[in-house]
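Input: a single structure, listed below in structure tokens.
Per chain, numbering begins at 1; letters A, B, ... match sequence-line order. Predicted model only: the values in this text are computed from it and were never measured.
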Amino acid sequence: MKSVVTKLVRDALAALPELADAAADLALETTVERTRDPDHGDFATNVAMRLAKPAGMNPRALAAKIVAAIPASNDVDKVEIAGPGFINIYLGAAAFHAEVALILERDVCYGRQPQKLTPRILLEFVSANPTGPLHVGHGRHGAYGATVGNLLEAAGYDVDREYYVNDAGRQMDILGLSVWLRWLEAHSMKLDFPAAGYRGEYIRDIAAAVDTKGIAVVDRGVLLNGIPADAPEGDKEAHIGALIERAKDLLGKDGFNHIRQQSLESIRQDIEQDLAEFGVVFDYWYSEQSLESTNRIDAALAILRDRDMLYEKDGATWFRAEQFGDEKDRVVIRENGVKTYFASDIAYHFDKRERGYDYLIDILGSDHHGYAPRVSAGLAAMGYDAGSLEVELMQFVTLYRDGEKLSMSTRSGEFVTLRELRNEVGNDAARFFYVMRSNDQHLDFDLELAKSRSNDNPVYYIQYAHARIASVFRQLAEKKLSHDGANGCRGLALLVEAQEKALFAALSRYPEVILLAATNRAPQHLVHYLRELANEFHSYYNAHAFIVDDVALRDARLTLITATRIVISNGLSILGVSAPEKM
RNA sequence: GCGCCCGUAGCUCAACCGGACAGAGCAUCGGAUUUCUAAUCCGGCGGUUGCAGGUUCGAGUCCUGCCGGGCGCGCCA
């Protein structure tokens, strides 16, 4: 609906060639806004104020000129100039009636833009290390990423979702070792579990299920002989490092890898299932190991070397990140010959572009904020536009129960898992609460509120509006009445109550909200909108009966609430929240 | 010390490249039900947008400095 107004203003400016220079680099869409105050009409534009200075004119005089140039339209009731030079546009009722007809016609597709061919977007999120079950922080990444993906798709983008599996490196060895030690414990060996190992209960579960091919019970003395002391007396990293080497010796490299791969695959599958149950699904699970096994890291480094982007210093190989805006140069190959994590990141992001994605969005924890300039520098050095990588940072989640903060710690194994959270509050409340706040705000997740089946809980408030509409139609059927939608559309002009006008206006905003939320990667806009829409509906419900004797009025009202039901359902669907028929 | 993010009502948060008297929910106070689900609605109370400057016709929003909080600043992953 906004596009209709924008077009009118654009046509008006086009009819005023003397403004062409002043308006040359003005993005017109941004000057047209919904009004907050109905006294200011439905839409307002500040275009006259924006152009006043470059055009060398008084804003109100300029506004008058623009208003005079606005072409006649059936959609517009009147246009007024207000305040310092705002142009207020009042739309006629017919424009809103047409929008409701469009909602009914497009149904589940209402609010979706036609598919754009470019840019192709790759959205990477969660990407938690496969060393244990997801915790509540990952849940926020999942809910946010999935919703942003849905929003981008609704906005017409071609978007794929990817999970980067950090299945290489030392942490995987620690995982493999942890599982083996638990397996040995289960086979009657008494030992002190390493302080740096993964201590969660799930490790025992994996150990119990592990395929024992190539695994042997070893003598405790053989295992621990010559291993440096663990913390607190010794260095826990040295201790576990020596144990990993010992494990590889005793089991053989293949034997150890066998345990390690089984362990990580078990955890990865658990993560995938957990997320799937949460309505968070990925197109690709991209393995870090595969980067190495296909030599993509070496290939990327070779390209950098060819471009003179690498140099040797202190026995290590450095990348000239500073040249591309990073705060300092970064090591890609350590003195000991091992490639850094950053080297695989460059290769990975390069590969994303090579796979044909034009635009990359990474959703990362806020503790990774230093990472964006680095990887952008890598992309730029590889010949791709640094601006083609966008990083959205997620602030942390704090759980509260009865007003008390719950602590979380991965290593201790005492964290609250996403699965536990989902079981406790339900998927709908969890999805909703996770995206209620802007991603750059800390999220206080109140378990009691999320569970409460009361008016305190915004999820139920919105779902209840949907269920109430469904209930109205059940009542209609019980009364042996039916709804003639075509007749309802013809009779929309009968709907002149304040609550009806408010509902018309709210409904017509939906496509704009989707675009806004998608553009800003800001699901909370949709959350707030749905709450407002539900509020308009509940007010209407309380003020007026829908199932009235006057057939024309009844059909019109039922048509209006049908449109409301469609929009609520579509919006909730993007949030990954169900729209119940009954509560 | 340097860098990034945040600071809005008692609490939790909105506010669309800067726009009209800064909006919701909770809490609190008062009201609405012979009714299509009261998981609802209507109204009242509540603000120097951390502080001080600056830019602008116009600043919660942009710039500078300060105060407070979070996170980062590895040849870790």
Side-chain angles (χ1 to χ4, degrees), chain A residues 27 29-31 33-37 39-40 44-46 49-50 52-53 58-59 82-86 88 129 131 166 168-172 174 237 288 313-318 327-328 330-342 344 365-373 393 395-396 436-438 440-444 446 449 452-461 463-465 467-476 478-479 499 512-513 515-517 519-520 522 524-525 527-528 531-532 534-535 537-548 557-558 561 582-583:
Chain A
E29 305 74 46
T30 65
T31 75
E33 287 187 335
R34 290 272 176 172
T35 58
R36 284 188 198 174
D37 183 343
D39 289 346
H40 298 143
T45 173
N46 61 8
M49 284 132 76
R50 298 270 286 270
K53 186 172 274 183
N58 166 295
F86 289 104
N88 292 337
N129 294 342
T131 55
N166 290 121
R170 179 180 166 85
Q171 59 187 339
M172 287 299 108
I174 296 177
E237 296 301 330
E288 186 187 358
K313 192 182 88 181
D314 304 333
T317 304
W318 297 70
E327 57 191 32
K328 58 182 176 186
R330 307 285 175 180
V331 170
V332 286
I333 304 175
R334 304 206 294 262
E335 195 178 359
N336 64 8
V338 177
K339 280 161 273 191
T340 61
Y341 188 79
F342 175 52
S344 38
S366 61
D367 52 339
H368 285 70
H369 61 70
Y371 171 100
L393 297 174
Q395 292 289 341
F396 295 149
M436 219 165 43
R437 304 297 175 220
S438 169
D440 52 21
Q441 292 282 352
H442 284 263
L443 176 66
D444 289 333
D446 183 333
L449 179 59
S452 77
R453 306 175 67 80
S454 76
N455 52 356
D456 302 353
N457 193 328
V459 195
Y460 291 115
Y461 183 87
Q463 290 182 318
Y464 182 48
R468 254 186 160 176
I469 295 170
S471 169
V472 169
F473 281 89
R474 283 194 296 273
Q475 283 290 324
L476 189 73
E478 269 178 36
K479 293 182 177 171
Q499 291 85 356
E512 294 155 34
V513 170
L515 276 180
L516 177 72
T519 306
N520 295 340
Q524 77 273 12
H525 288 305
V527 169
H528 288 288
R531 209 205 169 277
E532 282 167 31
N535 177 242
F537 169 76
H538 286 308
S539 296
Y540 185 29
Y541 183 98
N542 272 272
H544 302 285
F546 308 139
I547 303 176
V548 291
R557 286 185 169 168
L558 292 174
I561 67 169
K582 208 179 225 177
M583 288 172 74

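Rounding to the nearest 0.5 Å gives a distance of 6.0 Å between CD of A:Gln171 and CG of A:Asn166.
For A:Tyr461, counting side-chain heavy atoms from C-beta on, the closest listed nucleotide (B:A15, B:C41, B:C36) is B:C41. Nearest nucleotide to the A:Trp318 side chain, out of B:C36, B:C41, B:C75: B:C75.
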For nucleotides 1-7 of chain B, print each protein N/O atom paired with a nucleotide N/O atom at under 3.5 Å, atom names and distance only.
| from | atom 1 | to | atom 2 | distance (Å) |
| --- | --- | --- | --- | --- |
| B:G3 | N2 | A:His369 | NE2 | 2.7 |

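Between the side chain of A:Asp37 and the main chain of A:Asp39, a donor-acceptor pair closer than 3.5 Å is present. A donor-acceptor pair under 3.5 Å is formed between the side chain of A:Thr45 and the backbone N or O of A:Thr31. A donor-acceptor pair is defined here as one N or O able to donate and one able to accept, closer than 3.5 Å; such a pair exists between the side chain of A:Ser539 and the backbone of A:Asn535. Checking side-chain atoms of A:His538 against main-chain N and O of A:Tyr461 turns up a donor-acceptor pair under 3.5 Å. A donor-acceptor distance shorter than 3.5 angstrom exists from the side chain of A:Thr340 to the backbone of A:Val331, with no hydrogens or angles considered.
B:A38 sits 24 Å from B:G44 when the P atoms are compared, rounded to a whole Å. Separation of the P atoms belonging to B:G50 and B:G68 is 16 Å when rounded to the nearest angstrom. A gap of 38 Å separates the P atoms of B:C5 and B:U28, to the nearest Å. Only the P atoms considered, B:U56 is 41 Å distant from B:C73, to the nearest whole Å. Annotation: B:U35 and B:C41 have their C1' atoms spaced 13 Å apart (nearest Å). Spacing of P atoms, B:U40 relative to B:G18, comes out at 37 Å, to the nearest Å. Across B:A39 and B:C26, the matching P atoms stand 14 Å from one another, rounded to whole Å. Between the C1' atoms of B:A59 and B:A15, the separation comes to 13 Å (whole Å).
The nearest pair of heavy atoms linking A:Gln524 to A:Ser438 is NE2-CB, 3.5 Å. Taking all atoms of both residues into account, the shortest heavy-atom contact from A:Gly85 to A:Met49 is C-SD, 3.4 Å. Heavy-atom minimum distance, A:Trp318 versus A:Lys313: NE1-O, 3.1 Å. A:Ala467 and A:Arg474 get closest at one heavy-atom pair: O-NH2, 4.2 Å.
Put simply, A:Asn535 has a side-chain N or O that comes within less than 4.0 Å of OP1 or OP2 on B:C41. Regarding contacts with the backbone of B:G74, every side-chain N or O of A:Thr340 stays at 4.0 angstrom or more from both OP1 and OP2. An OP1 or OP2 oxygen of B:C41 is reached within less than 4.0 angstrom by no side-chain nitrogen or oxygen of A:His544. Remark: A:Lys328 is not in phosphate contact with B:C73, judged by side-chain N or O atoms under 4.0 Å from OP1 or OP2.
Atom pair A:Asp314:CG and B:G74:P shows a separation of 15 Å (rounding to whole Å applied). With rounding to whole Å, A:Gln171 atom CD is found 14 Å from B:C76 atom P. If you measure from atom OH of A:Tyr460 to atom P of B:C26, you get 16 Å, rounded to the nearest angstrom. With rounding to whole Å, A:Met583 atom CE is found 6 Å from B:A39 atom C1'. Atom NE2 in A:His368 sits roughly 8 Å away from atom C1' in B:A77 (whole-Å rounding). In this structure, A:Lys53 atom NZ and B:U55 atom P are separated by 12 Å, rounded to whole Å. Straight-line distance from the CG atom of A:Asp367 to the C1' atom of B:C76: 13 Å, rounded to whole Å. One atom, CG of A:Asn520, and another, P of B:U61, lie 18 Å apart when rounded to the nearest Å.
Within 4.0 Å (heavy atoms only), A:Phe396 reaches sugar-phosphate atoms of the nucleic acid but no base atom. Among the atoms of the strands shown, base atoms are found under 4.0 Å from some heavy atom of A:Lys582. In this structure, A:Glu335 reaches the bases: a heavy-atom distance under 4.0 Å links it to at least one base atom across the strands shown. Within the nucleic acid shown, A:Arg330 has no heavy atom closer than 4.0 Å to any nucleic acid atom. The residue A:Ser366 sits close only to the backbone: its heavy atoms come under 4.0 Å of sugar-phosphate atoms, none of a base. Residue contacts shown for A:Thr317 are absent, as no nucleic acid heavy atom lies under 4.0 Å away. Contacts of A:Lys339 with the nucleic acid, taken as non-hydrogen atoms under 4.0 Å apart, are absent. Note on A:Ala465: nothing from the nucleic acid sits closer than 4.0 angstrom, heavy atoms only.
Nearest-nucleotide positions on RNA chain B place A:Thr31 closer to the 5' end than the other of A:Thr31 and A:Asn166. The 5' end of RNA chain B is approached more closely, in terms of each residue's nearest nucleotide, by A:Tyr541 than by the other of A:Tyr541 and A:Ala534.
Not counting sequence neighbours, A:His528 has no partner by the ring pair (Phe, Tyr, Trp, His ring centres under 6.0 Å) test. A:Thr519 is linked by a side chain to side chain donor-acceptor pair (under 3.5 Å) to nothing, counting only residues two or more places apart in sequence or in another chain. Partners of A:Phe473 under the ring pair (Phe, Tyr, Trp, His ring centres under 6.0 Å) rule, at least two apart in sequence or in another chain, are A:His483.
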At under 4.0 Å between heavy atoms, which parts of nucleotides 18-24 of chain B does protein reach? Answer with one letter per nucleotide, 5' to 3': B base, S sugar-phosphate only, - none. -BBB---
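Cation-pi geometry between A:Arg468 and A:Phe537 is not met: the NZ or CZ atom fails to fall both under 6.0 Å from the ring centre and inside 45° of the normal.
None of A:Glu478, A:Arg557, A:Lys479 except one satisfies the side-chain contact (heavy atoms from CB on, under 4.5 Å) rule with A:Ile547; the exception is A:Lys479.
When base pairs are accepted only as Watson-Crick or G-U wobble with both N-N or N-O distances under 3.5 Å, RNA chain B takes part in stems of 3 or more pairs at B:1-7 with B:67-73, B:10-13 with B:23-26, B:28-32 with B:40-44, B:50-54 with B:62-66.
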